[in-house]
Amino acid sequence: MQLDEFFVTGEPLIYGGMVSIVLVTSAIIFLLTYLKRWGWLWREWLTTVDHKKIGIMYILSALAMLFRGGVDALMMRVQLAFPNMNFLNSQHYNEIFTTHGTVMIIFMAMPFLVGLMNIIVPLQIGARDFAFPFVNAVSFWSFFFGAMLFNISFVIGGSPDAGWTSYTPLAGAALSPGPGQNFYLMGLQLAGIGTLATGINLMVTILKMRAPGMKMFDMPIFTWSTLVTSFIIIFAFPILTVALALLTIDRIFGSQFFTLTGEGMPMMWANLFWMWGHPEVYIVILPAFGIFSEIIATFARKQLFGYKAMVWSMILIAGLSFLVWVHHFFTMGAGALVNSVFSVSTMLIAVPTGVKIFNWLATLYKSRIQMTTAMMWSLAFIPSFVIGGVTGVMLGMAAADYQFHNSYFLIAHFHYVLIAGTVFACFAGLVYWYPKMFGHKLNERIGKHSFWWFLIGFHVCFFPQYFVGLDGMPRRVFAILPEWMPLNVISTVGAFGMGVGFVIFVYNIYYSYRYSKREEKGDAWDGRTLEWATPTPVPFYNFATLPEINGRDAFLSMKKNNETTFDEERLEPIHMPSNTGQPIIMMAILAFASFALVFEWIGLAVIGLIGTLIMMGIRSFDYDDGYHVEVDEIKKIERSARGL
Amino acid sequence: MSTHELKTGPLEYRTQEGQMSILGFWIFLGAEVVLFSTLFATYAVLFGRTADAPVPADLFEPGITLVMTFLLLTSSFTCGLAIHQMRAGSLKGLITWLVITLGLGLGFLGFEIYEFIHYAHEGATLQSSSFWSAFFVLAGTHGVHVTLGIGWAVLLIIQLVKRGLTPVTSRKVFVISLYWHFLDVIWIFIFTSVYLIGMVV
């Protein structure tokens, strides 16, 4: 293989990308060396098994991915603003809409939410860590290397260009030769291992490690949403694993699953992909519902209205999410009966979702609302999400869908649910739990600026797309007709507004790090659930002691009874897992194997796979069962954290 | 993470870590059920799409698949005996029955490899048609699982020899026994819905 086949050449934008990658990497290496921080990085972060630190690494990576996916989006909006734009050529445009979609769903939305779950769920149920802290670290590194593998494709080998859905036969070896699609397949496969492991890990944690006395229906609603989400992950992700594996075998080893030869069946891919893909959208929306529920209850200063209805509607949504996949391709021609069945099941989902909307409204009804930034994101979510949901029901009508299919109407719909739902929730959740993670709040004034820029930008960007879609503009085109121009210009302006909002948000992180008042007690917002019972910063073992929990809003009753998580009488040594470098090494080797497979270097891939198996063997023989934190040390840590 | 250890009950369930690992593995097996279901569904959809390659009725033979079934079902039984010995506290009995289980598993694998080579000689390979792709990937995924299970069990036997029966080693053995029985269940479905149906249709 020639070097110019290995690196992507001939595109000024991509040369710019290469230069910035080299510059940023050297700057990081220089800073770490200059400040003598390599040992610190390895000991405190790369080898950690602490759920709070892993969660922070998830969120940082997700923010970086949001930046990457956002730059993709802005480039597309520039190209689409005017007819006959020459900013991106058609091939480059295809690559960018593919990476935008994949990065945003797989490497931004999911890790952001998983990061919040990592930090908050054990704190909400009174646990010391995950059920399997080692596996949690493996999960993070598999996501991290999967994301890196996928992202490197734009400078090495070329990005995938068949859309984030990667439909066959276009994505097959005959029509898309070369490493591009392989990057998609291996990047997702690698990250998928981690997602499945996290799902199992969270489920066991929630089922087995709740505080004494906390019943299932006493759990905070975000923990419930996490439990339901992990159920969906466990039953949906293996389908993606198989689909990706079959397409990989098709492309690299010449099997005939999705090919046009050998009686292959390309539409089988669409079915498998969406049997995972539809549950996937609930994987990213249910935790968002959980986050909004927590924030609305906290800042409405009321118990969440209809707690049980909230839980049951999530369970119902999770069940229905597996029964609607065909609505993504009504136009495939499966026939009137099949389309009708899936049309009805699709519209049924609006019922439990509507129940949730009314519950949030009822929680707000006659409450004394505190207009914090987190609350503003949550309040903006409700009407915006309803617009997305109602247009979703329109798309769910099979006959009408023949008109909307693959138009910008669809694009506007799913951005309304995914941005107003998931992205708003990520921002809201980060703002809300920020003091718990970093010991200081994000600045409220700057936060509100960022909120208004992003909210207004969002509506200006996507509302016109409903209409340009009804005017017939199809998705995935790199050139627009003149009559679509006015709405597209508005849309592009809005996209840059969102970009400004994101930049302000990131600046706020820096500003607050420098200037925000440090938190003195752990309860930053006068919260209701157990995570606020810990001091800030949270000790690495989370809870020194826990009182017997009875009922919801556990911390509220603790405050009433003057109880804390530091009862000196009941202190006992705490058992904690040791840090280990095995997860990062194991996943780095597996990432090497995946990279080799992308370029179809079978020998190297086999070596990498054997290396991974050896690492698993080493782990099997590792009988390190952690260490104990002694009572005296707990006393010292708690007293200094609580200012006693 | 509780350090309290129960004094009664099966060794593998006495610590909270043990209980959580076993529950986690059950959930993992749930995910494996979905994985194999997807492969079965793919096989069913692609059934009969043999293109120019031989049809399964010409290649599938009752003899060899019956022997394979017998080997794997027996290995599941001996695996159960191994756990029985573990519960009775007999390290020697446990290791003996585990080794017999692995022997039967290796026999199964040998026949499967022979069978695949035989089909390839007859002109049915992974590449020949979508039906054969689905067949080889479905049966092959099961075979890879058996192979990994054997390698994993060997590691555990070494640990048993080194450390004897502890809550940790007995939990590991119990988990692999769940895995082994699971592979047996999957094989029963492969035997009936792939081989038996393939022979008569």
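Source: prediction; values computed, not measured. Order of the sequence lines fixes the chain letters, A, B, ..., with proteins taken first and strands second; residue numbering starts at 1 for each chain.
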Against chain B, label A:Leu196 side chain, backbone, both or neither, depending on which of its atoms sit under 4.5 Å from a heavy atom there.
side chain
Would B:Gln85 and B:Leu98 count as a side chain to side chain contact (heavy atoms under 4.5 Å, CB included) if you check the C-alpha gap in whole Å, the side-chain angles of each, and the deciding distance to 0.1 Å?
CA-CA 10 Å; B:Gln85 293 289 333; B:Leu98 271 185; over 6 Å; no
Using non-hydrogen atoms only, which part of A:Ser620 is less than 4.5 Å away from chain B: side chain, backbone, both, or neither?
both
If you tally heavy-atom pairs under 4.5 Å between each of B:Ser128, B:Ser37, B:Gly24, B:Gly30 and chain A, the highest tally belongs to B:Gly24
Considering only heavy atoms, which portion of B:Val45 lies under 4.5 Å from any heavy atom of chain A: side chain, backbone, both, or neither?
both
For the pair B:Gln159 and A:Tyr623, evaluate side-chain hydrogen bond (donor to acceptor under 3.5 Å, both in side chains) and give the outcome as yes or no after the intermediate values.
CA-CA 10 Å; B:Gln159 291 173 31; A:Tyr623 274 73; 2.7 Å; yes
Which answer fits A:Leu246, side chain, backbone, both or neither, if we ask what part of it has an atom under 4.5 Å from a heavy atom of chain B?
side chain
Evaluate the side chain to side chain contact (heavy atoms under 4.5 Å, CB included) criterion for residues B:Val137 and B:Leu126: first the C-alpha distance (whole Å), next the side-chain angles of each, then the deciding distance (0.1 Å), finally the verdict.
CA-CA 8 Å; B:Val137 170; B:Leu126 181 73; 4.0 Å; yes
Would you say A:Thr261 and A:Gln256 are linked by a side-chain donor-acceptor pair, where the criterion is simply a distance under 3.5 Å?
yes
So what's closer than 4.5 Å to chain A heavy atoms on B:Leu46: side chain, backbone, both or neither?
side chain
For chain A, find which of B:Ala134, B:Ser133, B:Gly151, B:Ala51 contributes the most heavy-atom pairs closer than 4.5 angstrom.
B:Ser133
Do other residues, nucleotides or ligands put more than 12 heavy atoms under 6.0 Å from the OH atom of A:Tyr627?
yes
Contact origin within A:Phe253 toward chain B - heavy atom pairs under 4.5 Å
both
Of A:Asn118, A:Thr205, A:Asp129, A:Asn201, which meets side chain to side chain donor-acceptor pair (under 3.5 Å) against A:Asn136?
A:Asn118
If you round to the nearest 0.5 Å, how far is CG of A:Leu185 from OG of A:Ser166?
6.0 Å
Let me know if B:Thr141 has heavy atoms under 4.5 Å from chain A in its side chain, its backbone, both or neither.
neither
Given heavy-atom pairs under 4.5 angstrom as the criterion, report whether the side chain, backbone, both or neither of B:Ser21 touches chain A.
both
Modelled atom types, side-chain donor and acceptor of B:Ser129 and B:Thr50, under 3.5 Å:
no
So which part of A:Ile249 gets closer than 4.5 Å to some heavy atom of chain B, the side chain, the backbone, both or neither?
side chain
Do you know which of A:Ile239, A:Leu207, A:Ile233, A:Asp250 has the most heavy-atom pairs with chain B at a distance under 4.5 angstrom?
A:Ile239
